[in-house]
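First comes the structure, then the notes that go with it.
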Protein chains: 2
Amino acid sequence: MDIQLKRGLLDVCVLAAIRSEDSYGYKIIKDMKPYIELSESTLYTILKRLETANMLTVRTVEHGGRLRKYYHITDAGQKRIADFKEEWKEMMSIYQFVTKEDDVNV
Amino acid sequence: MDIQLKRGLLDVCVLAAIRSEDSYGYKIIKDMKPYIELSESTLYTILKRLETANMLTVRTVEHGGRLRKYYHITDAGQKRIADFKEEWKEMMSIYQFVTKEDDVNV
DNA sequence: CAGTAATACTTCGTGTTACGATGTATTACA
DNA sequence: TGTAATACATCGTAACACGAAGTATTACTG
C-alpha cells in the first residue's frame with residue numbers, strides 16, 4: 001500500500017488500537033497488522049507525538065521482569081477520532097472526484 | 001483538513017483533473033479547489049514528479065502572448081488512478097477499524 | 001496612463017514525517 | 001549455548017507539502 005495514502009491514518013489507527021483497552025507497543029503493532037503494517041520505529045515516533053499532543057498518557061508497568069509502557073487514550077484522543085470521522089467525509093468527496101467517470105453530457 | 005490525510009490523494013487528484021481533458025497549472029488548481037486546495041508550489045512539484053514518473057506528458061503552447069504548459073495523462077497515469085481505486089478498498093477497511101464501536105460482546 | 005489584479009510558471013528553504021538500521025536487555029525455548 | 005521473541009529507544013535520511021519570493025504578461029480601472 002502506498003505510504004502516502006496511509007499517512008493520515010496512522011495516528012488515528014494507533015489511537016483506535018488503545019481506545020477500548022490500554023495497550024503497549026508490541027501489542028499495538030500486532031493488533032494493527034491486519035489493517036496497517038508499521039515498523040517499531042514508526043510506532044514509537046507516533047506514540048511520542050501523540051503523548052506530546054496530550055492525546056494519550058503513559059504508565060510504566062513491570063511485567064515478567066521487563067518494563068512495559070501502557071498507553072491510555074485521553075479525551076483529546078477520543079476527540080481526534082471523532083474529528084477524523086468528519087474529515088473522512090471530505091475524503092469521500094475527493095474520492096468521488098477522482099473516480100467519477102466522464103459523464104459530462106451522457 | 002489534515003495535511004497528512006490528503007497527502008496520498010494529491011497525486012491522484014491532479015491526474016484526475018487532467019484525465020478528461022489536457023489542462024494547465026492554473027486551471028488545475030481552480031478545478032480542484034472545491035475538493036482540495038493546494039498552493040502553486042505544491043502543484044508544480046507534483047506535476048514534475050508525475051512527469052518524471054511518466055504519468056503525464058507536457059506540451060508548451062502559446063496562449064495570448066503567454067506560454068502555457070498543457071499536461072496530458074498517459075496510460076501509466078490512467079493505471080495509477082485504477083490502482084488507487086484498489087488501494088481505496090484497503091483504506092475503507094482501515095476506516096472500519098478506526099470507527100468500529102466496542103461491540104465486542106454486545 | 002499609472003496602478004493593481006489576475007494569469008502563469010519557477011525556485012528556495014523548511015518543518016513534518018515514515019522508516020530502515022542498529023542497539024540494549026530480558027525471557028522462553030530448543 | 002544459541003536463537004527467537006518480547007520490548008523499547010535512537011539516529012540518519014529521503015520524500016513531501018508549502019510559504020515566500022520572484023519573473024513576466026494581459027486586463028481592468030480610476
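Letters go in sequence order (proteins before strands), and every chain restarts at 1.
For the side chain to side chain donor-acceptor pair (under 3.5 Å) with B:Asp83, the qualifying choice from B:Arg80, B:Lys85, B:Lys79 is B:Lys79, the only one to do so. B:Lys89 pairs with exactly one of B:Glu87, B:Glu86, B:Met91 by the side chain to side chain contact (heavy atoms under 4.5 Å, CB included) rule, that one being B:Glu86.
When distances run from any side-chain atom of A:Tyr24 to the nucleotides D:dC8, D:dA15, C:dT27, the shortest one goes to D:dC8. Closest to the side chain of B:Arg7, from the set C:dA18, C:dT27, D:dC16, is D:dC16. The side chain of B:Lys6 lies closest to D:dA17, out of D:dC8, C:dT7, D:dA17.
The residue B:Lys27 sits apart from the nucleic acid: no heavy atom pair falls under 4.0 Å. Residue A:Arg68 is classed as a sugar-phosphate contact, given heavy-atom separations below 4.0 Å to backbone atoms only.
Atom-to-atom, CD of B:Glu37 to P of D:dA17 comes out at 16 Å; the value is rounded to the nearest Å. For the pair A:Ile36 CD1 and C:dT17 C1', the interatomic distance rounds to 14 Å; values are reported in whole Å. If you take CZ of A:Arg66 and C1' of C:dT26, they are 5 Å apart, rounded to a whole angstrom. Atom OH of A:Tyr71 is separated from atom C1' of D:dA9 by 10 Å (rounded to the nearest Å). Taking atom CD1 of residue A:Ile29 and atom C1' of nucleotide D:dA9, one finds them 13 Å apart after rounding to whole Å. Atom-to-atom, OH of A:Tyr70 to C1' of D:dT6 comes out at 12 Å; the value is rounded to the nearest Å. Going from atom OH of B:Tyr26 over to atom P of D:dT23 covers 17 Å, rounded to whole Å. B:Leu10 has its CG atom 10 Å from the C1' atom of D:dC16, to the nearest Å.
No side-chain donor from either of B:Arg59 and B:Tyr70 sits under 3.5 Å from a side-chain acceptor of the other.
Ion pair A:Lys6/A:Asp2 not flagged as a salt bridge, since none of the NZ, NE, NH1 or NH2 atoms sits closer than 4.0 Å to an Asp/Glu carboxylate oxygen.
Of all heavy-atom pairs spanning A:Ser23 and A:Ala17, the tightest one is CB-O, 4.3 Å. The shortest heavy-atom contact between B:Ile94 and A:Cys13 is CG2-SG, 3.4 Å.
For the helix from C:dC1-D:dG30 to C:dA30-D:dT1, the end axes, each set by the C1' atoms of five terminal pairs, are bent relative to each other by 10° (nearest 10°).
In this structure, B:Leu67 places its CG atom where more than 12 heavy-atom neighbours from other residues, nucleotides or ligands lie under 6.0 Å away.
Annotation: proximity of residues 39-52 of chain B to DNA chain C (heavy atom, distance under 4.0 Å) is found for B:Glu40, B:Ser41, B:Tyr44, B:Lys48, numbered in ascending order.
Nearest-nucleotide mapping onto DNA chain D: of A:Gln4 and A:Leu67, the residue sitting toward the 5' end is A:Leu67.
The backbone N or O of A:Leu38 lies less than 3.5 Å from no partner atom in the side chain of A:Thr42, so there is not a single donor-acceptor pair. The backbone N or O of A:Lys69 lies less than 3.5 Å from no partner atom in the side chain of A:Thr60, so there is not a single donor-acceptor pair.
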